[in-house]
Amino acid sequence: MRILITGAAGFLGSHLSDRLLAEGHQVVGMDNFVTGKRENLAHLSDNDNFSFIRHDVSNYIFVPGKLDAVMHFASPASPNANSPIGYPNLPIQTMKAGALGTHHSLGVALANQARFMLASTSEIYGDPLEHPQTESYWGNVDPIGERSVYDEAKRFAEALTVAYHRFHNVNTCIVRIFNTYGPRMHIDDGRAVANFIQQALRGEPLTVYGDGLQTRSFCYVDDLIDGIYRLLMSDEHYPVNIGNPAEITIKEFAEEIDKLVGNEAGLVFEERQRGSGDPQRRQPDISRAKEVLDDWGPNVSLQDGLAKTIEYFKQELGT
């Protein structure tokens, strides 16, 4: 297959490029480097099956030659207002990537009669009143809150994707991605994994907001990419949760990183920012993924995944 990946220079897009190339496919990467990094694709520069187009997906997309699949992964993804790549600092770009970018990507898929995948997110569930979250849950989202530029962009993108499937018969699929970590994460991402690892490597106390009892479910990137690849190759058209159902508190997560790094500075607790919309609990129900993706489930343990991620951060920080 010849496959277009928007957001190819991002954390997930670059790993996805690697997997598709390893499976024997041709990849056309597309990115405008607002949050993606050239370094994430540098190792593919001599690969004859990889080509790259620098382009902003909020503008009309043209790719010469036949495409068999279009995977729309272009979007800022960090909710951290203190991060230069966080979507609170890129609100218009985030909305355009979700709305115009999805529209243009779907147009490419329609013109090529290609399989289309939308990279959606667990954030469409908001601060959930249902736990764990199933694909049938409609969510609890503030439409004008700090996270709304990302949440609502993805919710619109899902609606548009399904509309193209129903009205134009585009062969669509939607992956709802839960918290993912691993090598090539942006070190200025501003989220828990990046912040904790950097603080631990510097021998500092890890900053936990609130009491640390809010939960997340962290999936190692290789497991996530495997689920995404299986979904692309499946006959499924509607949303599928891909993530790790092993729920852990932020406090426990920070303590695990301290343990792996050997940081004895411990934790420091600060007041949570009010009105941020930060969900208290996050855990995917992956029953549907197991059903339609040949019993998919995560295989990499938290300890093994964190060890690989910590090693990557050591190299990036030169420690």
Quiz prompt | Under 3.5 Å donor-acceptor, Asn47 side chain and Asn49 backbone | solution = yes
Practice problem: Please work out which of the three classes, parallel, tilted or perpendicular, describes the rings of His25 and Tyr229, given edges at 30° and 60°. | Solution: tilted
Exercise. Write out all pairs satisfying salt bridge (Lys or Arg N to Asp or Glu O under 4.0 Å) with one or both partners inside residues 82-103, taking only residues at least two apart or from two chains.
Key: none
Quiz prompt | Any residue meeting ring-ring contact (aromatic ring centres under 6.0 Å, His included) with His168, in chain and number order, not counting sequence neighbours | solution = Tyr164
Quiz item: Does anything in residues 220-245 pair up under salt bridge (Lys or Arg N to Asp or Glu O under 4.0 Å), and if so which pairs, sequence neighbours excluded?
Solution: Arg19-Asp226, Asp226-Arg230, Glu236-Arg288
Exercise. Not counting sequence neighbours, list each pair that qualifies as a salt bridge (Lys or Arg N to Asp or Glu O under 4.0 Å) and has a residue in residues 298-319.
Key: Lys37-Glu316
Self-check item: Of all pairs that satisfy ring pair (Phe, Tyr, Trp, His ring centres under 6.0 Å), the ones with a partner from residues 295-319, not counting sequence neighbours
Solution: none
Quiz prompt | Near-ring test Phe52/Phe33, centroid separation under 6.0 angstrom | solution = yes
Self-check item: Connected hydrophobic set around Phe62, excluding itself, where side chains approach under 4.5 Å
Solution: Tyr60
Quiz item: Who passes ring-ring contact (aromatic ring centres under 6.0 Å, His included) against His15, sequence neighbours left out?
Solution: Phe11
Quiz item: Is any side-chain N of the basic residue among Arg282 and Glu123 closer than 4.0 Å to the acidic one's carboxylate O?
Solution: yes
Quiz item: For residues 244-270, which residue pairs qualify under ring pair (Phe, Tyr, Trp, His ring centres under 6.0 Å), counting only residues two or more places apart or in two chains?
Solution: Phe218-Phe253
Practice problem: Please list all pairs passing the salt bridge (Lys or Arg N to Asp or Glu O under 4.0 Å) test where one or both residues lie in residues 187-213, with sequence neighbours left out. | Solution: Asp189-Arg191, Arg202-Glu204
Quiz prompt | Set of residues satisfying ring-ring contact (aromatic ring centres under 6.0 Å, His included) with respect to Phe116, sequence neighbours excluded | solution = none
Quiz prompt | Members sharing Leu90's hydrophobic cluster (side chains within less than 4.5 Å) | solution = Val34
Quiz item: For Phe178, which residues count as a ring-ring contact (aromatic ring centres under 6.0 Å, His included) partner, sequence neighbours excluded?
Solution: none
